[in-house]
Number of protein chains: 2
Amino acid sequence: MRIKDEYSILKEHVKEKGLRITPQREVVLDAFLGTERHVDVESLYILVKKRDASISFATVYRTLKLLCECELAKELKFEGKITRYEHKYNHKHHDHLVCAQCGKIVEFHNDKIEEIQDKVARENNFKVLNHHLEINGICSSCRN
Amino acid sequence: MRIKDEYSILKEHVKEKGLRITPQREVVLDAFLGTERHVDVESLYILVKKRDASISFATVYRTLKLLCECELAKELKFEGKITRYEHKYNHKHHDHLVCAQCGKIVEFHNDKIEEIQDKVARENNFKVLNHHLEINGICSSCRN
DNA sequence: GTATCATTGAAATTGAAATTCAATAACGAT
DNA sequence: ATCGTTATTGAATTTCAATTTCAATGATAC
Ligand SMILES: [Mn+2]
Ligand SMILES: [Mn+2]
Ligand SMILES: [Zn+2]
Ligand SMILES: [Zn+2]
């Protein structure tokens with residue numbers, strides 16, 4: 001019962017907001033959980049269509065917003081790229097290397113960077129909410 | 001002759017591209033150099049209008065693109081915010097703390113972070129082109 | 001069963017940014 | 001200084017992602 005937790009989290013969330021679970025929302029959730037890629041709305045829409053061709057673009061958008069609200073999904077805005085989404089539930093915080101040529105995305109995490117960021121924020125009297133670190137470059141395959 | 005260098009850089013750049021210096025471009029350059037803020041196009045347009053009310057929005061856009069090409073300006077895309085521009089000539093690389101409440105922008109630079117970023121990129125066989133680090137939080141004034 | 005109200009898909013709208021186009025003007029050649 | 005080529009301009013339009021509107025539908029509580 002792989003989907004159980006995530007499904008419950010969404011169910012809980014919509015209940016709290018006085019909203020409802022619908023077949024369409026279940027399909028979008030399943031489609032989203034079914035890929036480990038950093039999907040954009042268009043790609044997810046295509047995956048959703050395979051399961052139920054009657055579901056609209058607007059519903060995919062609206063459901064993704066719900067998934068972000070309950071932290072099942074995280075919105076990613078890379079420079080000059082359209083918005084993408086990744087799994088957030090059971091996934092640890094990380095930053096990204098992005099290939100400017102082929103679009104390849106590599107995840108990384110570095111405790112030291114995180115630590116220094118906190119220190120910098122503290123020194124400037126900022127209470128940190130979140131941060132965005134994106135390293136753009138050319139991957140090894142694209143350099144050949 | 002404060003503007004001399006910057007003006008020459010733009011002049012050089014347009015000549016190289018077979019383009020031309022125009023009064024409008026000079027006005028946009030002057031207006032841009034005249035503020036140390038991280039301006040968006042709208043704000044710069046207002047500053048430009050004070051000097052010459054006949055200059056259009058499109059020209060401000062087009063000139064900013066030129067200024068970025070010759071590295072007099074740098075485009076900044078903060079999460080969920082519209083595009084801003086800052087001086088690049090004679091300014092060292094830095095990252096930003098952004099207040100989510102009042103929009104205040106604080107610049108910082110940390111050698112150690114830069115260094116680790118390079119190391120991470122190297123470990124993943126990426127050749128770094130650039131990076132974007134933005135820390136979002138609440139500034140001290142907004143916490144009172 | 002009925003009233004209530006969230007949800008849907010399709011279409012329209014928004015907002016930032018880029019582009020089109022005919023008139024104008026920069027600038028190198030003469 | 002004049003000319004001819006061709007880049008530039010302002011106004012309007014277009015693009016594109018993202019959001020919103022709206023009438024019809026459907027789920028839930030009583
Ligand atoms: Mn990721
Ligand atoms: Mn800055
Ligand atoms: Zn690549
Ligand atoms: Zn603030």
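Note that these values count all heavy atoms, side chains included, but never hydrogens, waters or copies made by symmetry. Proteins come first, then strands; the chains are lettered A, B, ... in the order of their sequence lines, and each starts at number 1.
Between the side chains of B/Glu79 and B/His132, no donor-acceptor pair is found at a separation under 3.5 Å. If you check the side chains of B/His91 and B/Glu107, you find no donor sitting under 3.5 Å from an acceptor. With no hydrogens or angles considered, no side-chain donor-acceptor pair links B/Ser8 and B/Asp5 at under 3.5 Å. The closest side-chain donor-acceptor pair between B/His93 and B/Glu114 falls under 3.5 angstrom.
Within the 4.0 Å cut-off from OP1 or OP2 of D/dT8, not a single side-chain nitrogen or oxygen of B/Thr59 is found. Between B/Tyr61 and the phosphate of C/dA18, there is no side-chain N or O to OP1/OP2 separation shorter than 4.0 Å.
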Please write out each protein N/O paired with an N/O of nucleotides 26-29 of chain C under 3.5 Å, distance rounded to 0.1 Å.
unit_1, atom_1, unit_2, atom_2, d
C/dA26, O3', B/Ile21, O, 3.2
C/dA26, N3, B/Arg20, NH1, 3.1
C/dC27, OP1, B/Ile21, N, 3.2
C/dC27, OP1, B/Ile21, O, 3.3

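The CG-C1' distance, from A/Leu64 to D/dT20, rounds to 17 Å in whole Å. Rounded to an integer number of Å, the gap from NZ of A/Lys49 to P of C/dG9 is 9 Å. Atom-to-atom, NZ of A/Lys65 to C1' of D/dA18 comes out at 9 Å; the value is rounded to the nearest Å. With rounding to whole Å, A/Glu26 atom CD is found 13 Å from C/dT7 atom P. Spacing between atom CZ of A/Arg25 and atom C1' of C/dA6 amounts to 8 Å, rounded to whole angstrom units. Atom CD1 in A/Ile82 sits about 17 Å away from atom C1' in C/dG15, given to the nearest Å. Rounded to whole Å, atom P of D/dA18 lies 13 Å from atom CD of B/Glu79. Here the P atom of nucleotide C/dA18 and the CG atom of B/Leu66 are 13 Å apart, to the nearest Å.
If A/Gly18 and B/Ala58 are placed on DNA chain C by their nearest nucleotide, the residue sitting closer to the 5' end is A/Gly18. Both A/Phe57 and B/Lys77 lie close to DNA chain C; mapped to their nearest nucleotides by heavy-atom distance, the more 5′-ward contact belongs to A/Phe57.
The residue A/Arg62 sits close to a base: some heavy atom pair falls under 4.0 Å.
Put simply, the residue from A/Lys74, A/His94, A/Arg37 that forms a side-chain hydrogen bond (donor to acceptor under 3.5 Å, both in side chains) with A/Glu86 is A/His94.
Residues B/Tyr45 and B/Tyr61 fall within the same hydrophobic cluster, defined by Ile, Leu, Val, Met, Phe, Trp and Tyr side chains chained together at heavy-atom separations under 4.5 Å.
Counted within 6.0 Å of CD on A/Glu123, heavy atoms from surrounding residues, nucleotides or ligands total more than 12; the atom is thus considered enclosed.
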